[in-house]
Amino acid sequence: MEVLAHAGPGSTWQAMVSAVAVGLVLVVVLVAAGRLELRQPGDLVLPLAGVAILSSLAPLGDVWLSDWVGWAFPVGVVALASLLLSAFTPLRLAADGALLYVAGGLAVVGALLLYRPLTLAWHPPPELLPDPGPTAVTILEPTDGAQVEAGDLGVEVAVEQGSIGPGRVLFDDLPWDPAEQGVLEVTVAGDRVEVEPGQDCPAVNPCREVSFTVEVPAGRGVGLQVEFRRGDGMPFSPAVLDRIEVDAR
């Protein structure tokens with residue numbers, strides 16, 4: 001079953017996109033102000049390395065940084081394009097240069113036009129997420145606090161008032177009931193993992209229970225979380241999930 005990109009508050013990859021965009025804009029400002037020279041491709045190495053270091057700190061503020069992704073992505077793309085043009089062409093980023101003003105205009109227009117569709121696709125607010133109704137997901141095996149062997153671990157999951165489908169589907173192909181033909185997102189020790197159910201769950205005969213195998217590291221209180229989502233990967237609000245901890249030896 002395909003593991004889907006997480007959307008919503010606290011998304012690490014969205015926070016990193018926002019941090020990269022902020023870093024690229026800062027580089028553009030420094031170049032335009034004459035504090036940073038950018039006349040050849042090699043001049044990009046240190047600034048981009050600094051942006052990479054900045055983005056590595058994004059998980060520290062992912063809860064609020066991820067909220068910026070709707071406008072940060074188009075602005076960051078324009079900033080990167082302007083830096084590349086300045087490094088690889090005769091065009092220069094300067095306070096009195098046309099490139100800076102064109103880039104600024106494109107960034108503003110792009111952010112205004114793309115903010116809403118990007119936010120709805122990547123970071124939808126809770127009020128726009130589908131309502132799961134009485135749907136619930138339960139980890140049947142192993143049980144919370146179970147003593148298990150580290151390595152491959154068999155997991156059994158059941159969905160009530162809903163079903164598990166064949167995997168990610170397009171929005172136009174979703175069933176009328178958002179809780180039918182859903183998908184599972186599995187997290188082990190805080191990391192998303194891809195799982196392959198042992199059962200075939202076609203759209204015409206979706207599953208109520210599935211089993212799969214995950215690899216668990218040795219340790220006490222290793223967290224195992226299963227979240228049930230709509231068939232296209234959109235999370236529900238409130239989230240439909242179950243979480244247990246196991247002691248792996």
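These numbers come from the heavy atoms of this one structure, side chains and all, not from hydrogens, waters or symmetry mates.
- Around CG of L46, the count of heavy atoms belonging to other residues, nucleotides or ligands within 6.0 Å does not exceed 12.
- Between Y115 and the choices L113, T119, L112, the side chain to side chain contact (heavy atoms under 4.5 Å, CB included) rule is met once, by T119.
- The side-chain heavy atoms of F212 and E196, taken from C-beta on, include no pair separated by under 4.5 Å.
- Under the side-chain contact (heavy atoms from CB on, under 4.5 Å) criterion, L38 pairs with V31, D43, L44, L83, S86, A87, sequence neighbours left out.
- W68 and L24 sit in two unconnected hydrophobic clusters of ILVMFWY residues. Membership requires side-chain heavy atoms under 4.5 Å apart, directly or through other members.
- For the atom pair CD1 (I244) and CD (Q225), the distance works out to 11.0 Å, reported to the nearest 0.5 Å.
- Summarising the geometry of P178 relative to P130, their closest heavy-atom pair is CB-CB, 4.4 Å, with the distance given to 0.1 Å.
- Contact annotation: the side chain of R230 approaches that of L174 to within less than 4.5 Å [non-hydrogen atoms, C-beta and beyond].
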Query - V246 and D144: CA distance, side-chain angles, deciding distance, side-chain contact (heavy atoms from CB on, under 4.5 Å) verdict - result: CA-CA 6 Å; V246 296; D144 190 30; over 6 Å; no

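- Interatomic distance, Q14 CD to F73 CZ, rounded to the nearest 0.5 Å: 11.5 Å.
- In this structure, A179 and T135 approach most closely via the heavy-atom pair CB-OG1, 3.2 Å.
- The cluster map of Ile, Leu, Val, Met, Phe, Trp and Tyr, joined by side-chain heavy atoms under 4.5 Å apart, puts V210 and V193 in the same cluster.
- In this structure, L26 CG and L30 CG are separated by 4.5 Å, a value rounded to the nearest 0.5 Å.
- Proximity of D131 to S237: side-chain heavy atoms (C-beta onward) are nowhere separated by under 4.5 Å.
- The hydrophobic cluster containing V240 also contains V157, counting ILVMFWY residues as joined when their side-chain heavy atoms lie under 4.5 angstrom apart, directly or transitively.
- For R116, the salt bridge (charged side-chain N to carboxylate O under 4.0 Å, His left out) test picks out no residue, with sequence neighbours left out.
- Under the 4.5 Å side-chain criterion, counting only non-hydrogen atoms from C-beta, V22 is not in contact with V20.
- The shortest non-hydrogen separation linking V159 to S163 is CG1-N, 3.9 Å.
- Contact between L129 and F236 at its shortest, heavy atoms only, is CD1-O, 4.1 Å.
- Criterion: ILVMFWY side-chain heavy atoms under 4.5 Å apart, direct or through other members. Under it, L153 and L184 are part of a common hydrophobic cluster.
- Side-chain atoms of L118 and W71, non-hydrogen and from C-beta on, never get closer than 4.5 Å to each other.
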Requested in this report: Could you go through the side-chain contact (heavy atoms from CB on, under 4.5 Å) check for R220 and E245 one step at a time?
Outcome: CA-CA 8 Å; R220 294 181 57 86; E245 291 185 353; over 6 Å; no

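- Considering all non-hydrogen atoms of both residues, V216 and E149 come closest at CG2-O, 3.9 Å.
- A salt bridge links E180 with R208: the closest approach of a Lys/Arg side-chain nitrogen to an acidic carboxylate oxygen falls below 4.0 angstrom.
- The side-chain heavy atoms of I164 and Q181, taken from C-beta on, include no pair separated by under 4.5 Å.
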**Report entry** Residues V186, L224; criterion side-chain contact (heavy atoms from CB on, under 4.5 Å); working and verdict
**Finding:** CA-CA 7 Å; V186 181; L224 171 63; 4.0 Å; yes

Report task. Begin with the C-alpha distance, continue with both residues' side-chain angles, and end with the deciding distance and a verdict on side-chain contact (heavy atoms from CB on, under 4.5 Å) for V75 and V25. Result -> CA-CA 8 Å; V75 170; V25 170; 3.6 Å; yes

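- Note: E209 CD to E141 CD = 11.0 Å, rounded to the nearest 0.5 Å.
- With respect to R35 and E37, no salt bridge is recorded, no charged nitrogen being found less than 4.0 Å from a carboxylate O.
- The hydrophobic clustering, which links ILVMFWY residues whose side-chain heavy atoms are closer than 4.5 Å, places L36 and V51 together.
- The shortest non-hydrogen separation linking T187 to R192 is OG1-CG, 4.0 Å.
- Between E160 and T138, some side-chain heavy-atom pair lies under the 4.5 Å cut-off.
- S211 places none of its side-chain heavy atoms less than 4.5 Å from the side chain of V155.
- Remark: N205 CG to Q199 CD distance equals 11.5 Å, nearest 0.5 Å.
- Looking at S18, its side chain never comes within 3.5 Å of a backbone N or O of S66 through a donor-acceptor pair.
- Between the D242 side chain and the I139 main chain, a donor and an acceptor come within less than 3.5 Å of each other.
- If you take CZ on R39 and CG on L93, they are separated by 11.5 Å, rounding to the nearest 0.5 Å.
- When atom types are taken as modelled, the side chain of D247 and the backbone of Q147 share no donor-acceptor pair closer than 3.5 angstrom.
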